[in-house]
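What you are looking at is a predicted structure, and each value in this text was computed from that prediction instead of being measured.
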Amino acid sequence: MAAATAMRRRGGGGGMDDDKMVFETTEGVEAITSFDAMGIKDDLLRGIYQYGFEKPSAIQQRAVMPIIKGRDVIAQAQSGTGKTSMIALTVCQTVDTSSREVQALILSPTRELATQTEKVILAIGDFINIQAHACVGGKSVGEDIRKLEHGVHVVSGTPGRVCDMIKRKTLRTRAIKLLVLDESDEMLSRGFKDQIYDVYRYLPPDLQVCCPGSCFLFD
Ligand SMILES: Nc1ncnc2c1ncn2[C@@H]1O[C@H](COP(=O)(O)OP(=O)(O)OP(=O)(O)O)[C@@H](O)[C@H]1O
């Protein structure tokens, strides 16, 4: 398990202003200050630059490599510091797009966050032809079934709908190797614990788990 935490110093500014941040990381976690040095697939790198990113943000510098290397990771940083983009980038790097099976599953506490994550994955992963689907409550079940049966690499969803799709056997879990529990504290505080556990029971045993969040789990 690797952990990376980025916190703004008191009185610090917002956004990607890394100079005003303090960091705590597990021993051995290094900051990699360029996307080029991360060993990212060429076409994905192209997508990242085309999306407008020039260098990784503080949390990306510390958490992308451990995730890409297959470690279980807890990455905590305040809102707006690049966690959603980090999920998109690492998921795109992890999946093998030559196989149309779901290989990464992202669970989020809200429909908006799940949909936003899907959008960033599709944008950054444009040149690797990534297929992602947002599986969220309030949207047509028929459309979920159609998309999932057609075959996608990544599902970004809310626990209830994802659980439903798994139980219907529309979302096949056997090839899932990465589970991202985005804002897991918020998911737990919204009462999703049983549904998350239900989903987890269907996932392969040698699963990699990542928990990006803005709450300070250990405080
Ligand atoms: N490496 C980067 N370089 C430039 N901009 C970036 C980088 N990473 C993320 N951003 C931009 O910063 C903003 C916040 O990023 P993102 O949504 O990934 O952060 P977040 O921590 O998930 O925020 P929130 O909790 O508000 O969703 C977005 O506009 C995103 O495009």
Side-chain angles (χ1 to χ4, degrees), residues 1-8 21-32 38 56-95 102-118 120-121 132 134-136 154-163 166 173 176-219:
M1 168 77 71
T5 304
M7 292 173 272
R8 238 167 249 146
M21 292 191 150
V22 288
F23 309 100
E24 282 171 26
T25 57
T26 303
E27 219 183 302
V29 172
E30 284 174 38
I32 312 290
M38 290 180 173
S57 69
I59 192 72
Q60 293 163 1
Q61 289 180 20
R62 288 156 180 86
V64 167
M65 285 308 287
I67 299 175
I68 288 176
K69 284 183 181 160
R71 295 185 70 179
D72 293 332
V73 171
I74 295 174
Q76 297 171 316
Q78 285 163 326
S79 188
T81 49
K83 294 185 302 297
T84 303
S85 317
M86 177 183 80
I87 295 171
L89 151 57
T90 50
V91 159
C92 286
Q93 175 68 18
T94 302
V95 300
V102 179
Q103 297 159 55
L105 174 63
I106 303 149
L107 295 180
S108 300
T110 65
R111 297 168 182 177
E112 293 72 23
L113 183 55
T115 307
Q116 171 64 12
T117 305
E118 177 222 26
V120 182
I121 291 170
C135 209
V136 299
V154 184
V155 167
S156 171
T158 43
R161 179 62 69 93
V162 166
C163 203
I166 291 176
T173 56
I176 294 180
K177 48 191 174 185
L178 173 61
L179 171 68
V180 179
L181 298 173
D182 198 3
E183 302 290 358
S184 47
D185 280 41
E186 203 184 324
M187 280 201 283
L188 295 180
S189 71
R190 282 173 178 255
F192 286 132
K193 185 175 170 189
D194 291 345
Q195 280 161 330
I196 295 170
Y197 187 68
D198 241 8
V199 169
Y200 190 75
R201 282 191 308 128
Y202 286 92
L203 303 181
D206 53 347
L207 185 73
Q208 179 188 4
V209 182
C210 294
C211 299
S214 46
C215 296
F216 290 90
L217 291 164
F218 306 116
D219 276 2

### Message
Within this structure, what is the CD1-OG distance for the pair I74 and S184, rounded to the nearest 0.5 Å?
### Response
7.5 Å
### Message
Less than 4.5 Å apart, side chain to side chain, heavy atoms only: is that true for Q208 and I67?
### Response
yes
### Message
Test your reading of the model: is there a side-chain donor-acceptor pair from S156 to the backbone of A114, 3.5 Å cut-off?
### Response
yes
### Query
Does the side chain of S214 come within less than 4.5 Å of E183's, by heavy atoms?
yes
### Task
With side-chain contact (heavy atoms from CB on, under 4.5 Å) as the test, would you mind laying out the steps for V136 and R161 before giving the verdict?
CA-CA 6 Å; V136 299; R161 179 62 69 93; 5.5 Å; no
### Task
Heavy atoms only: give me the nearest P109-L113 pair and the separation to one decimal.
CD-CD2, 3.9 Å
### Query
Going through the distances and angles, do V73 and T90 end up as a side-chain contact (heavy atoms from CB on, under 4.5 Å)?
CA-CA 12 Å; V73 171; T90 50; over 6 Å; no
### Summary
Rounded to the nearest 0.5 Å, the CD atom of Q61 sits from the CE atom of M86 at a distance of 12.5 Å
### Message
Just verifying a value: how many Å separate I106 CD1 and C210 SG, rounded to the nearest 0.5 Å?
### Response
10.0 Å
### Query
After noting the C-alpha distance and the side-chain angles of Q103 and T94, does the key distance pass the side-chain contact (heavy atoms from CB on, under 4.5 Å) rule?
CA-CA 8 Å; Q103 297 159 55; T94 302; over 6 Å; no
### Query
Hey, what do you get for CG (D182) to OG1 (T117), rounding to the nearest 0.5 Å?
5.5 Å
### Message
Please identify which of these residues, V102, V154, V155, meets the side-chain contact (heavy atoms from CB on, under 4.5 Å) condition with I176.
### Response
V102
### Query
Do the side chain of Q60 and the main chain of G82 share a donor and acceptor less than 3.5 angstrom apart?
yes
### Contact summary for S108 and P159, nearest pair of heavy atoms
O-CD, 3.4 Å
### Query
Under 4.5 Å between any side-chain heavy atoms of I32 and P56, yes or no?
no
### Query
Do you know which two heavy atoms are closest between A132 and I121, and how far apart they sit?
CB-CG2, 3.9 Å
#### Entry: Nearest-0.5 Å distance, CZ of residue F192 to CG of residue L181
12.5 Å
### Intermediate values then yes/no, side-chain contact (heavy atoms from CB on, under 4.5 Å), K177 and L207
CA-CA 5 Å; K177 48 191 174 185; L207 185 73; 5.6 Å; no
### Message
Tell me every residue that passes side chain to side chain contact (heavy atoms under 4.5 Å, CB included) with Q116, counting only those two or more places apart in sequence or in another chain.
### Response
T84, V120
### Message
I need the minimum non-hydrogen distance between M187 and L107, along with the two atoms involved.
### Response
CE-O, 3.4 Å
### Side-chain touch K69/P66, heavy atoms, less than 4.5 angstrom
no
#### Entry: Minimum heavy-atom distance between M38 and V64, given as atom pair plus value
SD-CG1, 3.6 Å
### Task
Would you name the heavy atoms of A75 and A63 that are closest together and state the gap between them?
CB-CB, 3.9 Å
### Query
Just how far is it from atom CD1 of I68 to atom CD of Q93, taken to the nearest 0.5 Å?
4.5 Å
